[in-house]
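One is the number of the first residue; the rest follow in order along the sequence. When reading the values below, keep in mind they use all heavy atoms of this one structure, side chains included, and skip hydrogens, waters and symmetry mates.
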Amino acid sequence: MISNKEDLSAFLNQRIDHKEGRICAVDTEADSLHRYSESLCLVQFSDGVDHVLIDPLAIDDLSDLKTYLEQSTCWMHGADYDMHMLKQNLEMIPPTVFDTQIGARLLGVRKFGYGNLVEHYMGVELEKTSQKADWAKRPLTPVMEEYALNDVVYLLPMAEMIVSQLKEKGRYEWFTQSCEAARNKALERKQEKADRWRIKGSGKLDPKGLNYLRALWNWRDGEAASWDRPPFMVAGNKQLLDWVAELLEGKKPKMPRHYRPSRVKHFDRALAGAKEVPESEMPQKIRGKRRRKDPQFDARLDALIANRDSVAAELDIDGSLIAARAALEALAGQHEGASEQLLPWQRNLLGI
């Protein structure tokens, strides 16, 4: 465990660049399952020879790590979340991020979790005991340390195998284009979306239901913040929607027995406030763009899907890798710029 800036600087200065350039493997751990505000709690790092844990909770200045990664080709697995954490905490994403999950899927591997790939490529079965551990606790137990290090120990050896197989199959360019697109998407993603209370399943609600949902979401958020726990520990999204359904039926929502009196009091206050909102100020349903009537749309979409699935079957990969349904619908609807939703290798396979 590297726990101070001096040791981190010394360690990174000793790294020897590979003949292909500076290559490393990185993973991150956060405390989103245990705290209200997510914090970066651990960075796992490997250069293929040395594997270390870096403690962001003890090191105030991670500028040396940032500088190192800014000049590196970085391998990750399921890189989306790790890129988000690096962007949020180091204000950067490495210039090249390669993802073993993307590579394995392009090779036709159907079980592509990190543990699945380590077993598939390395013949090693990893323990899953620390998947939901509280990474903000110190000191880490030996089991947690081993679990965390294993997340990078096998990344670079697997990467070599995956790259070799991709090149053998003529799919390496598909891989690099896909990884670059994922990195660009992570760079462009906004930190916070507006109206976060519009959770999955809320699209069916009328303004009155949306008004209740917004009030309950804000109540839950306040309770979670004061408790310093993730919102799902107060109430899950399904529970919020169930309460809204009861309110719309004129019923009094049933509170869990373990809720302390103050939480119930705040709940009742939130509902009372929602009932005071005039209809003119209630949130409205978001209307999607209506697709103009086109009798040939379904036929074009079916043809595109059939073509995609045929190509995918021949390549023995998941069809969604070639084109997601949304992209095919845009093509079938002849939307402007629809083909630009696809990468060059995807357009080539589909003959677009």
Side-chain angles (χ1 to χ4, degrees), residues 30-40 80-89 91 93 181-182 184-256 259 263-291 324-327 329-330 333 335-338 341:
D31 57 358
S32 55
L33 293 177
H34 301 272
R35 304 287 181 277
Y36 175 73
S37 296
E38 178 182 66
S39 297
L40 177 66
D80 187 66
Y81 182 75
D82 300 304
M83 288 191 288
H84 161 74
M85 293 306 297
L86 292 179
K87 180 183 176 185
Q88 185 169 281
N89 291 274
E91 299 181 339
I93 294 176
N184 290 337
K185 186 176 179 181
L187 280 171
E188 294 165 3
R189 185 176 296 118
K190 295 179 180 178
Q191 297 292 348
E192 289 273 336
K193 71 173 187 176
D195 292 348
R196 289 187 299 153
W197 55 268
R198 290 185 184 270
I199 57 179
K200 185 177 180 181
S202 64
K204 300 176 182 178
L205 296 175
D206 61 14
K208 188 175 181 181
L210 292 172
N211 182 52
Y212 280 135
L213 177 61
R214 180 175 62 183
L216 294 182
W217 193 95
N218 288 330
W219 159 80
R220 180 182 70 173
D221 197 57
E223 293 295 304
S226 63
W227 189 26
D228 192 23
R229 291 292 185 273
F232 73 83
M233 286 191 174
V234 177
N237 287 349
K238 184 179 183 301
Q239 180 66 82
L240 295 184
L241 292 170
D242 287 345
W243 281 332
V244 169
E246 290 175 341
L247 287 164
L248 292 175
E249 291 174 4
K251 300 177 182 177
K252 182 177 175 58
K254 297 176 183 176
M255 295 287 95
Y259 274 9
R263 180 161 294 172
V264 176
K265 180 180 178 181
H266 297 158
F267 182 92
D268 291 340
R269 187 183 300 161
L271 282 187
K275 291 174 181 177
E276 295 294 321
V277 175
E279 286 189 28
S280 60
E281 295 179 16
M282 290 182 179
Q284 301 299 304
K285 295 182 72 170
I286 296 176
R287 305 288 181 183
K289 290 184 179 179
R290 282 192 173 186
R291 176 166 53 87
R325 184 181 177 91
E329 288 179 347
H335 298 172
E336 184 178 350
Q341 295 184 31

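Every residue was checked against the side-chain hydrogen bond (donor to acceptor under 3.5 Å, both in side chains) condition with Asn218, not counting sequence neighbours, and none meets it. With sequence neighbours left out, the ring-ring contact (aromatic ring centres under 6.0 Å, His included) criterion links Tyr36 to no other residue. The ring-ring contact (aromatic ring centres under 6.0 Å, His included) check on Trp217 picks up nothing, with sequence neighbours excluded. Applying the side-chain hydrogen bond (donor to acceptor under 3.5 Å, both in side chains) test to Arg325 and every residue at least two apart in sequence or in another chain returns Glu329. Applying the side-chain hydrogen bond (donor to acceptor under 3.5 Å, both in side chains) test to Asp31 and every residue at least two apart in sequence or in another chain returns nothing. Taking the side-chain hydrogen bond (donor to acceptor under 3.5 Å, both in side chains) definition, one finds that Tyr81 meets it with Glu38, sequence neighbours left out. Applying the side chain to side chain contact (heavy atoms under 4.5 Å, CB included) criterion to Ala324, with sequence neighbours excluded, gives no partner residue. Residues satisfying the side chain to side chain contact (heavy atoms under 4.5 Å, CB included) criterion with Leu247, sequence neighbours excluded, are Tyr212, Leu216, Pro253, Leu271. Shown here are the salt bridge (Lys or Arg N to Asp or Glu O under 4.0 Å) partners of Arg263, two or more places apart in sequence or in another chain: Glu223. When the side chain to side chain contact (heavy atoms under 4.5 Å, CB included) test is applied to Lys285, the partners found at least two apart in sequence or on another chain are Leu210, Arg287. Residues satisfying the side chain to side chain contact (heavy atoms under 4.5 Å, CB included) criterion with Lys251, sequence neighbours excluded, are Glu246, Glu249.
A salt bridge links Arg189 with Asp80: the distance from a Lys NZ or Arg NE/NH1/NH2 to an Asp or Glu carboxylate oxygen falls below 4.0 Å. Salt bridge status for Asp195 with Arg198: present, with a side-chain N to carboxylate O gap under 4.0 Å.
In terms of heavy-atom proximity, Gln341 sits nearest to Ala327 at OE1-CA, 3.5 Å. Met83 approaches Ala186 most closely through the heavy-atom pair CE-CB, 3.9 Å. The minimum heavy-atom distance linking Ala215 with Ala274 is given by the pair CB-CB, 3.7 Å. In terms of heavy-atom proximity, Asp221 sits nearest to Pro231 at OD1-CG, 4.4 Å.
If you take CZ on Arg35 and CE on Met233, they are separated by 9.0 Å, rounding to the nearest 0.5 Å. Atom NE2 of His84 sits about 10.0 Å away from atom CD1 of Ile93, to the nearest 0.5 Å. The CD1 atom of Ile286 sits 10.5 Å away from the CD atom of Gln284 when rounded to the nearest 0.5 Å. Expressed to the nearest 0.5 Å, how far CG of Leu240 lies from CZ of Phe232 amounts to 13.5 Å. Atom CG of residue Leu241 and atom NZ of residue Lys204 lie 10.0 Å apart, to the nearest 0.5 angstrom.
Applying the side chain to side chain donor-acceptor pair (under 3.5 Å) rule to pairs touching residues 228-241 yields Arg220-Asn237, Lys238-Asp242, sequence neighbours excluded.
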Does the side chain to side chain contact (heavy atoms under 4.5 Å, CB included) test come out yes or no for Asp82 and Leu86, once each step is laid out?
CA-CA 6 Å; Asp82 300 304; Leu86 292 179; 5.5 Å; no
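In this pair, Tyr259 and Trp219 present their aromatic rings tilted. The plane angle is within the 30 to 60° band.
Counting heavy atoms from C-beta on, the side chains of Pro283 and Trp197 come closer than 4.5 Å.
Proximity of a side-chain donor or acceptor of Trp243 to a complementary backbone N or O of Lys254 within less than 3.5 Å is detected.
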